Colleague: 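Provided herewith is a single structure, encoded as structure tokens, for subsequent inquiry.
Because only heavy atoms are used, hydrogens play no part in the values below, and waters and symmetry mates are left out as well, while side chains stay in. Letters A, B, ... mirror the listed sequences (proteins, then strands); counts begin at 1. As the structure is a computational prediction, the values presented were derived from the model and not from experiment.
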Protein chains: 2
Amino acid sequence: MEKQTVTIYDVAREAGVSMATVSRVVNGNQNVKPATRQRVNDVIDKLDYRPNAVARGLASKKSTTIGVIIPDVTNGYFASLARGIDDVASMYKYNIIMENSDENDQKEMLVLNTLLAKQVDGIIFMGNRVTDKLRDEFSHSRTPIVFAGSVDDQESVPSVSIDYVESTAEAVSKLIKEGNKKIAFISGSLSEPINGKYRLAGYKQALKEAGIKFDEKLIFETDYSYESGIKLASQLKDTDITAAFAGDDRLAAGVLNGLTDQGVKVPDQFALITSNDTQVAQLVRPQLTSITQPLYDIGAVSMRLLTKLMNKEEIDEPTITLPYGLDSRETTKK
Amino acid sequence: MEKQTVTIYDVAREAGVSMATVSRVVNGNQNVKPATRQRVNDVIDKLDYRPNAVARGLASKKSTTIGVIIPDVTNGYFASLARGIDDVASMYKYNIIMENSDENDQKEMLVLNTLLAKQVDGIIFMGNRVTDKLRDEFSHSRTPIVFAGSVDDQESVPSVSIDYVESTAEAVSKLIKEGNKKIAFISGSLSEPINGKYRLAGYKQALKEAGIKFDEKLIFETDYSYESGIKLASQLKDTDITAAFAGDDRLAAGVLNGLTDQGVKVPDQFALITSNDTQVAQLVRPQLTSITQPLYDIGAVSMRLLTKLMNKEEIDEPTITLPYGLDSRETTKK
DNA sequence: ATTTTTCATGAAAGCGTTTTCTACACTTGC
DNA sequence: GCAAGTGTAGAAAACGCTTTCATGAAAAAT
């Protein structure tokens with residue numbers, strides 16, 4: 001019962017028209033007499049014709065596919081962005097080729113190349129670090145690209161994110177207002193601009209405003225895993241540090257659970273604020289006070305921006321900053 | 001500085017050979033003299049030639065792309081499967097087009113059609129319910145497909161999962177052994193075979209073995225959200241139910257947090273076992289005792305199976321069942 | 001030295017569309 | 001009644017590759 005692939009030519013023959021006409025009705029071109037259109041559509045239904053997107057792509061030089069480079073789908077933060085991206089993409093009839101990069105420079109180059117080979121119409125890049133090589137590749141290719149949930153520190157690429165400096169400053173200020181003087185800054189690698197440049201700047205800014213001297217020893221640079229948070233908790237326990245700002249939720253959850261497991265009362269003895277407001281932040285007990293980010297929207301807006309870029313529309317501001325919030329939950333005093 | 005797209009023809013001209021030869025070296029065909037190969041490769045590097053995958057796809061009738069239908073990337077369970085799929089896919093040089101279906105029948109049909117239009121070489125389907133219409137479409141298409149993390153109850157489609165009947169029975173038995181007599185069965189829609197058919201059967205089996213009579217009132221059918229779990233907790237609180245089996249981790253986390261927030265001590269006053277062993281299960285306190293599933297592997301094996309199908313290799317057993325475990329953590333007594 | 005094999009390569013026909021150009025048959029407008 | 005438009009449609013050339021078939025040269029066999 002295996003049906004042969006039916007092509008536009010089959011439809012044309014069966015409907016007694018040329019391929020060009022079939023193509024016109026399939027693509028909604030108005031230059032077709034209603035009666036003809038009807039007839040063609042009937043044949044399409046009858047034969048169950050489905051246009052070959054690959055052939056279409058070759059002929060039109062558009063693949064209606066966009067590439068998404070994501071560090072790890074398994075990470076709730078990126079998954080939320082991805083969901084926003086996908087929803088808007090399908091709204092605009094684009095499909096998504098997703099590639100996990102593990103934030104690995106080499107892999108990023110590799111997937112970028114396969115995406116370009118696949119003739120994607122645009123690319124959304126998630127990741128916290130951009131090597132010069134990668135940036136070079138971006139700018140050389142005529143394929144539009146936008147960063148979602150991160151900023152290129154050279155601002156050479158359109159991006160959508162929140163203001164990491166201000167939000168961090170606000171979080172740290174809150175910690176200070178609640179009486180904390182020794183506040184740890186916990187994040188992933190400081191070589192990533194989001195940590196080493198923006199968040200750290202916000203942290204310092206808050207300290208400065210409060211007249212607190214910056215202390216190098218309060219900076220804890222690690223990776224983004226839950227386990228690292230647990231480990232960090234043991235280190236934190238025997239110091240006079242009374243609060244921490246964390247750049248990642250899983251990391252923060254690790255710190256929180258580690259602290260609690262060791263008998264430290266949060267928030268009474270230790271206050272904690274995290275950054276991404278993923279579901280994790282609300283699943284743990286006590287619930288993590290967090291900077292809130294419109295994760296889904298960041299993804300959605302990125303994709304929307306990309307559609308404009310692909311249509312060669314004029315963009316007034318390529319670096320879009322979305323509003324953030326600060327949700328006081330249970331790991332801070334009030 | 002915009003470089004024109006360089007085609008195979010440009011390379012051929014520059015290297016003084018025919019397109020056929022360039023094609024051969026690009027595809028690793030051995031019928032090329034080493035010297036010629038060298039020369040062509042040099043030109044490829046020099047011109048920075050990158051084969052157009054779309055044209056390739058049209059000519060070869062292979063897209064080296066597979067479609068992945070996922071209910072929601074944002075769900076840790078599916079995201080883990082997806083990660084396994086993607087890793088194996090890239091190992092075999094396939095790219096992935098990912099489509100969120102929201103387990104919506106109509107949307108599933110739609111994305112299936114766009115995937116087929118894009119000429120994917122294979123499809124991996126995640127989702128708990130398969131409509132007849134969809135199954136029909138599957139069997140009519142010559143594109144191989146495999147189910148990941150779910151079984152088609154008609155077993156007409158190759159699939160990879162764990163034994164849901166046995167694992168559930170084991171979990172419920174444990175609850176019974178620890179002295180619980182009234183054990184709630186909490187799951188998503190019973191219309192989904194995984195719940196209404198397999199897990200429920202396991203639940204009944206365990207009860208029967210212990211000589212406990214099945215009680216309809218202990219079945220709680222809801223959706224998979226954390227919020228529903230919270231709500232359910234209030235209902236559960238004022239009954240004589242002392243334990244529950246939950247078919248989903250977020251749901252279980254909701255029940256757990258809801259119970260705890262209302263002063264019910266877990267596991268002393270209420271025991272709880274969940275099913276998917278996503279990260280959530282270990283983030284909450286107390287940590288959720290859970291059936292453990294090799295999530296990443298389920299995805300990986302599915303993809304591997306799909307590669308075999310795409311190569312038209314003989315498959316001995318199209319329904320693969322992977323081993324599960326039962327990890328006693330803190331929401332059961334021992 | 002001649003025939004047969006093997007090897008390396010080129011020519012050209014697809015693959016299934018889109019799109020440009022051309023053409024024809026009608027309407028209009030005057 | 002004729003020139004100029006205006007829809008509607010077809011022919012055919014791309015699009016950038018893979019692949020089959022043919023071919024000539026070199027190697028091997030006789």
Side-chain angles (χ1 to χ4, degrees), chain A residues 3-41 43-44 47-65 93 114 116-121 142-143, chain B residues 3-41 43-44 47-65 93 114 116-121 142-143:
Chain A
K3 54 188 166 193
Q4 279 305 307
T5 319
V6 7
T7 73
I8 198 174
Y9 190 73
D10 299 321
V11 177
R13 184 167 19 77
E14 187 79 6
V17 298
S18 71
M19 311 166 30
T21 300
V22 178
S23 177
R24 286 190 189 99
V25 353
V26 167
N27 292 295
N29 185 315
Q30 283 311 304
N31 284 357
V32 182
K33 217 197 296 185
T36 314
R37 176 186 309 282
Q38 182 62 51
R39 189 150 38 93
V40 171
N41 274 322
V43 174
I44 286 177
L47 299 187
D48 200 17
Y49 167 68
R50 178 189 293 129
N52 180 325
V54 174
R56 256 218 257 231
L58 183 59
S60 67
K61 302 190 154 222
K62 290 196 190 92
S63 62
T64 61
T65 299
K93 309 289 183 202
T114 85
L116 293 176
K118 294 250 165 168
Q119 314 297 116
V120 295
D121 297 333
R142 81 182 86 261
T143 308
Chain B
K3 55 189 166 197
Q4 280 305 308
T5 319
V6 7
T7 73
I8 197 173
Y9 191 73
D10 298 321
V11 176
R13 184 167 20 77
E14 187 79 6
V17 298
S18 71
M19 312 166 29
T21 299
V22 178
S23 178
R24 286 190 189 99
V25 351
V26 167
N27 292 296
N29 185 314
Q30 283 311 304
N31 284 357
V32 183
K33 218 198 295 183
T36 313
R37 176 187 310 280
Q38 182 63 50
R39 189 151 37 92
V40 171
N41 273 323
V43 174
I44 286 177
L47 299 187
D48 200 16
Y49 167 67
R50 177 191 293 130
N52 179 325
V54 174
R56 253 216 257 233
L58 183 58
S60 68
K61 302 188 153 221
K62 290 195 189 93
S63 61
T64 61
T65 299
K93 309 288 182 202
T114 83
L116 293 176
K118 294 250 164 166
Q119 313 299 117
V120 295
D121 296 333
R142 80 182 88 262
T143 308

Colleague: Under the side-chain contact (heavy atoms from CB on, under 4.5 Å) test, which residues partner B:Thr7, sequence neighbours left out?
Modeller: B:Tyr9, B:Asp10
Colleague: What is the distance, to the nearest angstrom, from the CG atom on A:Asn31 to the C1' atom on C:dA23?
Modeller: 14 Å
Colleague: For A:Ala59, enumerate each residue passing the side-chain contact (heavy atoms from CB on, under 4.5 Å) test, keeping only those at least two apart in sequence or located in another chain.
Modeller: none
Colleague: Let me spell it out: for each of B:Val54 and A:Arg37, pick the nucleotide of DNA chain D with the closest heavy atom. Which residue's pick is nearer the 5' end?
Modeller: A:Arg37
Colleague: Output the rounded distance in Å from CG (B:Leu47) to P (D:dG16).
Modeller: 15 Å
Colleague: Nearest whole angstrom, please: distance from the P of C:dT18 to the OH of A:Tyr9.
Modeller: 16 Å
Colleague: May I have the distance from B:Asn52 (atom CG) to C:dT17 (atom C1'), rounded to whole angstrom?
Modeller: 14 Å
Colleague: Compare the minimum distances between each of C:dC15, D:dT8, D:dC15 and the side chain of A:Leu58, then state the nucleotide with the smallest one.
Modeller: D:dC15
Colleague: Scan the side chains in residues 23-32 of chain B for donor-acceptor partners under 3.5 Å anywhere in the protein, sequence neighbours excluded, and list what turns up.
Modeller:
{"residue": "B:Ser23", "atom": "OG", "partner": "B:Asn27", "partner atom": "ND2", "Å": "3.3"}
{"residue": "B:Asn27", "atom": "OD1", "partner": "B:Arg56", "partner atom": "NH1", "Å": "2.9"}
{"residue": "B:Asn27", "atom": "ND2", "partner": "B:Ser23", "partner atom": "O", "Å": "2.8"}
{"residue": "B:Asn29", "atom": "OD1", "partner": "B:Asn31", "partner atom": "N", "Å": "2.8"}
{"residue": "B:Gln30", "atom": "NE2", "partner": "B:Gly28", "partner atom": "O", "Å": "3.4"}

Colleague: Taking the side chain as every heavy atom from C-beta outward, state whether B:Leu116 and A:Arg50 have any atom pair closer than 4.5 Å.
Modeller: yes
Colleague: List the residues meeting side-chain contact (heavy atoms from CB on, under 4.5 Å) with A:Ser60, not counting sequence neighbours, and say none if there are none.
Modeller: A:Lys62
Colleague: Is the shortest side-chain N/O distance from A:Ser18 to OP1 or OP2 of D:dA9 below 4.0 Å?
Modeller: no
Colleague: NA contact type, B:Val17, heavy-atom cut-off 4.0 Å: base, sugar-phosphate, or nothing?
Modeller: sugar-phosphate
Colleague: Any idea which of D:dG16, D:dG10, D:dA9 is nearest the B:Thr7 side chain?
Modeller: D:dG16
Colleague: Between C1' on C:dC15 and CD1 on A:Ile8, what's the gap in Å once rounded to a whole number?
Modeller: 13 Å
Colleague: Is the phosphate of D:dG16 approached by A:Lys61 (side-chain N or O, under 4.0 Å from OP1 or OP2)?
Modeller: yes
Colleague: Quick one: what's the B/S/- string for nucleotides 19-24 of chain D, heavy-atom cutoff under 4.0 Å, read 5' to 3'?
Modeller: BB----
Colleague: Given D:dG16, C:dT17, D:dC17, identify the nucleotide with an atom nearest to the side chain of B:Tyr49.
Modeller: D:dC17
Colleague: Quick check: does any side chain N or O of B:Ser63 sit under 3.5 Å from a backbone N or O of B:Gln119, one acting as donor and the other as acceptor?
Modeller: yes
Colleague: Any heavy-atom pair between the side chains of A:Asp121 and A:Thr65 that's under 4.5 Å?
Modeller: no
Colleague: Minimum heavy-atom separation for B:Val54 and A:Gly57, please, with both atom names.
Modeller: CG1-C, 3.9 Å
Colleague: How sharply is the helix from C:dA1-D:dT30 to C:dC30-D:dG1 bent, taking the axes over five pairs at either end and rounding to 10 degrees?
Modeller: 30°
Colleague: Rounded to whole Å, please give me the gap between CG in B:Asp10 and C1' in D:dC15.
Modeller: 13 Å
Colleague: Take atom NZ of B:Lys118 and atom P of C:dT17, then tell me their distance rounded to the nearest Å.
Modeller: 14 Å
Colleague: Whether the A:Thr114 and B:Lys93 side chains hold a donor-acceptor pair (N or O, under 3.5 Å, no angle test) is what I'd like checked.
Modeller: no
Colleague: What I'd like to find out is whether the side chain of A:Val6 reaches to under 4.5 Å of the side chain of A:Asp48, using heavy atoms alone.
Modeller: no
Colleague: Rounded to whole angstrom units, what separation is found between the CZ atom of B:Arg50 and the P atom of D:dC17?
Modeller: 12 Å
